[in-house]
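Both ligands and their constituent atoms are indexed starting at 1 by order of listing. Source: prediction; values computed, not measured. Computed over heavy atoms, backbone and side chain alike; hydrogens, waters and symmetry mates excluded.
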Amino acid sequence: MAIFDVDKAMTVKLDYNLPEYPTFEEGIRRAPRRESHLTEADKELAIRNALRYIHPDHHAQMAKEFAQELAEHGRIYGYRFRPQGRLSGKPIDQYKGNCIEGKAFQVMIENNLDFDVALYPYELVTYGETGQVCQNWMQYRLIKKYLEVLTDEQTLVVMSGHPLGLFHSHKGAPRCIISNGLMVGMFDNQKDFNRAAALGVANYGQMTAGGWMYIGPQGIVHGTFNTLLNAGRLKLGIPNDQNLAGRLFVTAGLGGMSGAQGKAAEIAGAVSIIAEVDLSRIMTRYSQGWVSEKTESLDEALAMAQKHMADKTPCAIAYHGNVVDLLEYLYEKNVHIDLLSDQTSCHVPYDGGYCPQGLTFEQRTEMLDKDPDGFCKLVDKTLRHHYEMICKLHERGTYFFDYGNSFLKAVYDAGVKSICKNGENDLDGFIFPSYVEDILGPHLFDYGYGPFRWCCLSHNPDDLDKTDAAAADYIKAHNRRYQDYDNYIWVRDAKKNKMVVGTQCRILYQDAMGRLNIALKFNEMVRNGEIGPVMLGRDHHDTGGTDSPFRETSNIKDGSNIMAEMATQCYAGNAARGMSLIALHNGGGTGIGKAINGGFGMVLDGSERVDTILRMSMPWDTMVGVARRSWARNEHAMSTAVEYNEMYQGQDHITLPYVAENDDEIIRDAVKNLN
Ligand SMILES: NC(=O)c1ccc[n+]([C@@H]2O[C@H](COP(=O)([O-])OP(=O)(O)OC[C@H]3O[C@@H](n4cnc5c(N)ncnc54)[C@H](O)[C@@H]3O)[C@@H](O)[C@H]2O)c1
């Protein structure tokens with residue numbers, strides 16, 4: 001059919017010679033086999049699709065290799081194209097490129113794939129069980145080649161990991177636009193997604209995996225720290241200037257994100273017991289000092305916890321075993337749990353994210369491969385029992401919250417209707433709050449506080465110290481409420497708490513003005529030569545970038561929680577204002593069809609051009625969320641929007657709602673009179 005010479009028509013392409021097949025290092029975690037539901041014709045299509053990256057001279061060899069991978073892993077990863085050895089984010093000047101952004105994105109991509117950072121580095125999974133940088137190693141190589149030639153007047157387009165090409169734009173446009181896993185409505189479900197992913201046309205980007213902005217589990221330590229402290233204040237009556245000393249927090253998961261729980265609880269002063277079925281993940285967190293004790297014995301875990309509670313000293317204890325066993329034990333022993341949560345990967349419970357009771361981690365992996373239907377049944381059974389245990393503990397005064405992993409939704413999907421507020425379906429939410437409904441939404445997101453972050457691209461720890469200090473100075477000078485104080489403590493102690501894994505990055509919850517002013521300060525420091533270039537970004541756990549009715553937008557109560565327009569507008573607005581990188585994804589931390597989330601990356605090169613972009617885009621990125629929350633009648637968002645209208649008079653303007661506060665009777669009568 002080829003009447004044209006494709007090879008000659010491309011200047012950016014994979015090298016003609018196939019790379020040597022790499023060796024796989026022992027001890028590096030590998031992803032389980034993925035579900036695919038492919039017919040024979042689909043399998044042929046998947047191979048034909050993957051061969052598009054390969055010169056025809058090698059098709060015979062690579063078709064066999066790809067077929068083998070599909071059979072063994074349920075996906076075609078193109079392992080042959082993975083560079084040998086460890087990848088890591090290096091100092092920016094070690095990368096080739098025609099513009100600073102092209103080099104900066106390479107730092108971020110390689111950091112996302114670092115053995116120390118990524119969950120399943122060989123399968124390009126950065127975190128959250130399935131969140132990938134791109135779908136396969138051919139895409140990785142090709143993206144790198146594009147980033148090496150990208151100029152500051154071009155934009156690279158990446159669709160589900162596939163670099164579609166470079167298109168000319170202008171200096172004030174994004175250098176890279178990414179979308180991941182966006183599906184047409186009627187196909188927007190896990191089963192169709194799995195098929196599309198196996199065909200090689202859909203990538204699950206989570207957010208900072210496929211948005212190339214992951215900074216290790218530190219990113220979530222801060223959010224968890226804030227959540228735990230505020231849960232203590234709101235539910236346990238702990239005063240604003242005190243912490244969780246002597247209190248017990250029980251949860252599950254020490255993986256990519258969940259691995260932050262022990263550290264966050266420790267910084268908040270609590271004693272925590274964290275169940276984890278995978279010993280290798282316990283060892284990672286233990287060797288990093290993110291959990292201080294580990295044990296296989298329930299008796300021992302309890303004895304350690306009780307000692308530290310009595311001494312009021314913080315301690316994070318990893319229990320190697322199933323969380324449901326732990327809850328049964330603590331219930332039988334009549335132990336009072338102050339705060340209870342879960343961070344197993346319940347956004348993908350049937351893909352290995354949730355380990356059924358009675359199976360070891362190794363047995364779950366085997367069963368997932370050999371008997372996926374049986375596995376699903378066991379998952380459902382355990383989820384139902386897990387929920388029973390939570391209800392019993394709740395009756396004894398424990399505060400349980402869903403920590404954004406779709407746990408409540410997974411219980412509902414396992415057949416428990418009584419978990420629904422309306423007793424029927426999940427449209428009105430669940431009887432247990434998500435932490436956003438109760439805590440983070442009203443007390444952080446509605447004000448605009450969210451996960452601002454930065455990466456010092458020089459890789460120099462001194463740069464991180466200097467940026468930490470500059471941010472701390474700013475917050476100290478603008479201390480308006482306890483949230484500012486918490487954030488100040490966080491960044492002041494960040495170095496002491498040793499949270500850097502991979503590149504020199506920091507997370508710091510800030511509101512719109514905090515983000516803008518700190519960003520401008522950093523750009524000035526770059527301009528003055530005090531520090532090297534910096535990449536700013538955020539994750540999806542935020543005020544404006546994410547529509548996720550079971551998580552980020554669960555405290556939006558005007559019925560618009562099922563709409564995905566805010567995330568889309570946020571993304572489009574960031575593109576219009578010239579952020580360096582923008583990304584839009586399906587699924588986020590809650591699963592396909594359950595969220596749309598957008599993110600950004602902004603490279604600070606010290607220029608006036610960047611100052612101008614920051615002034616336009618930083619307030620927008622956050623205030624789109626505050627404005628929407630304000631329109632949903634959220635009180636703190638309304639007061640923040642009123643302040644903003646005053647501050648930006650004549651420039652920006654947010655529509656505010658007239659709240660029908662005292663009109664219940666009028667409204668009821670109006671409806672009654674209809675009948
Ligand atoms: N709230 C947030 O801000 C936020 C942010 C990111 C991720 N998440 C969500 O949190 C979840 C976890 O993310 P992650 O990156 O840590 O995923 P992960 O898969 O790396 O870690 C989950 C861990 O849970 C363990 N586990 C599973 N079932 C268990 C069981 N029954 N008992 C004990 N341990 C069990 C697994 O072995 C695994 O190590 C995901 O659903 C993710 O989407 C929430």
Q206 heavy atoms within 4.0 Å reach ligand 1 at atoms 43 (O)
Ligand 1 N/O within reach of Y403 N/O, cut-off under 3.5 Å | yes
For E300 and T295, test the side chains for any donor-to-acceptor distance below 3.5 angstrom and give the result as yes or no.
-> yes
Quick one: which ligand 1 atoms are inside 4.0 Å of a heavy atom on G321?
-> 33 (C)
So the atoms of ligand 1 within less than 4.0 Å of a heavy atom of G255 turn out to be 16 (O), 20 (O), 21 (O), 39 (O)
Here the atoms of ligand 1 under 4.0 Å from any heavy atom belonging to G404 are 1 (N), 9 (C), 44 (C)
Taking it one step at a time, do F432 and F407 satisfy side chain to side chain contact (heavy atoms under 4.5 Å, CB included)?
-> CA-CA 11 Å; F432 283 102; F407 175 79; over 6 Å; no
Counting heavy atoms not belonging to K421, are there more than 12 under 6.0 Å from its NZ?
-> yes
Show the numbers, then the answer: is there a salt bridge (charged side-chain N to carboxylate O under 4.0 Å, His left out) between E72 and R33?
-> CA-CA 7 Å; E72 260 177 50; R33 188 183 187 286; over 6 Å; no
Kindly check if the number of other-residue, nucleotide or ligand heavy atoms within 6.0 Å of NZ (K557) is above 12?
-> yes
Examine G259 against ligand 1 and note whether any of their N/O atoms are separated by less than 3.5 Å.
-> no
Counting from 1 in the order shown, the ligand 1 atoms closer than 4.0 Å to a non-hydrogen atom of G253 are 23 (C), 24 (O)
Residue that, paired with E123, satisfies salt bridge (Lys or Arg N to Asp or Glu O under 4.0 Å) out of R75, R82, R30, R29 = R30
Counting both backbone and side chain atoms, is some N or O of A252 under 3.5 Å from an N or O of ligand 1?
-> no
What part of P356, side chain from CB on, backbone N/CA/C/O, both or neither, has a heavy atom under 4.0 Å from ligand 1?
-> neither
D484 and Y449, any side-chain heavy atoms less than 4.5 Å apart = yes
For residues Y127 and T208, determine if any side-chain heavy atom of one lies less than 4.5 Å from a side-chain heavy atom of the other.
-> yes
R551 heavy atom under 4.0 Å from ligand 1 = yes
Do we see a donor-acceptor contact under 3.5 Å between the side chains of T503 and N111?
-> yes
Could you give me the CA-CA distance, side-chain angles and deciding distance for Q206 and H585, then say whether side chain to side chain contact (heavy atoms under 4.5 Å, CB included) is met?
-> CA-CA 7 Å; Q206 265 269 1; H585 318 263; over 6 Å; no
Counting each atom of ligand 1 from 1 as listed, which ones have a heavy atom of E129 under 4.0 Å away?
-> 19 (O)
Would you check whether I220 has a nitrogen or oxygen atom less than 3.5 angstrom from a nitrogen or oxygen atom of ligand 1?
-> no
Heavy-atom side-chain contact between D539 and P451 under 4.5 Å = yes
V324 and ligand 1 - part of the residue with a heavy-atom distance under 4.0 Å = neither
Ligand 1 and V323, any nitrogen or oxygen pair closer than 3.5 angstrom?
-> yes
Would you mind checking which non-hydrogen protein atom is closest to atom 20 (O) of ligand 1, with the distance to 0.1 Å?
-> G256 N, 2.9 Å
Measure from atom 43 (O) of ligand 1 to every heavy atom in G589, G223, C355, S258 and give the option owning the shortest one.
-> G589
Identify the protein heavy atom lying closest to atom 41 (O) of ligand 1, giving its residue, its atom name and the separation to 0.1 Å.
-> H347 ND1, 2.7 Å
If you measure from each non-hydrogen atom of T590 to ligand 1, which part falls under 4.0 Å: side chain, backbone, both or neither?
-> neither
Ligand 1 versus M257, non-hydrogen atoms closer than 4.0 Å: side chain, backbone, both, neither?
-> both
Run the numbers for me: atoms of ligand 1, each under 4.0 Å from some heavy atom of A275, listed by number.
-> 33 (C), 34 (N)
Check against salt bridge (charged side-chain N to carboxylate O under 4.0 Å, His left out), R364 and D278 = CA-CA 10 Å; R364 80 110 217 198; D278 180 354; over 6 Å; no
Can you find an N or O of F361 that's nearer than 3.5 Å to an N or O of ligand 1?
-> no
Between E276 and ligand 1, which part of the residue brings a heavy atom under 4.0 Å of the ligand: side chain, backbone, both or neither?
-> both
If you draw a 6.0 Å radius around CE in M563, do more than 12 non-hydrogen atoms from other residues or ligands fall strictly inside?
-> no
Taking atom 11 (C) of ligand 1 as the point of reference, which of T284, L383, T344 owns the nearest heavy atom?
-> T344
Polar-atom distance check: S345 versus ligand 1, any N or O pair below 3.5 Å?
-> yes
What atoms of ligand 1 come within less than 4.0 Å of a heavy atom belonging to Y435?
-> 1 (N), 2 (C), 3 (O)
Are F225 and W490 close enough that their ring centres sit under 6.0 Å apart?
-> yes
Sub-4.5 Å side-chain heavy-atom contact between M213 and H540 | no
Answer with yes or no whether G128 contacts ligand 1, where contact means a heavy atom under 4.0 Å from a ligand atom.
-> yes
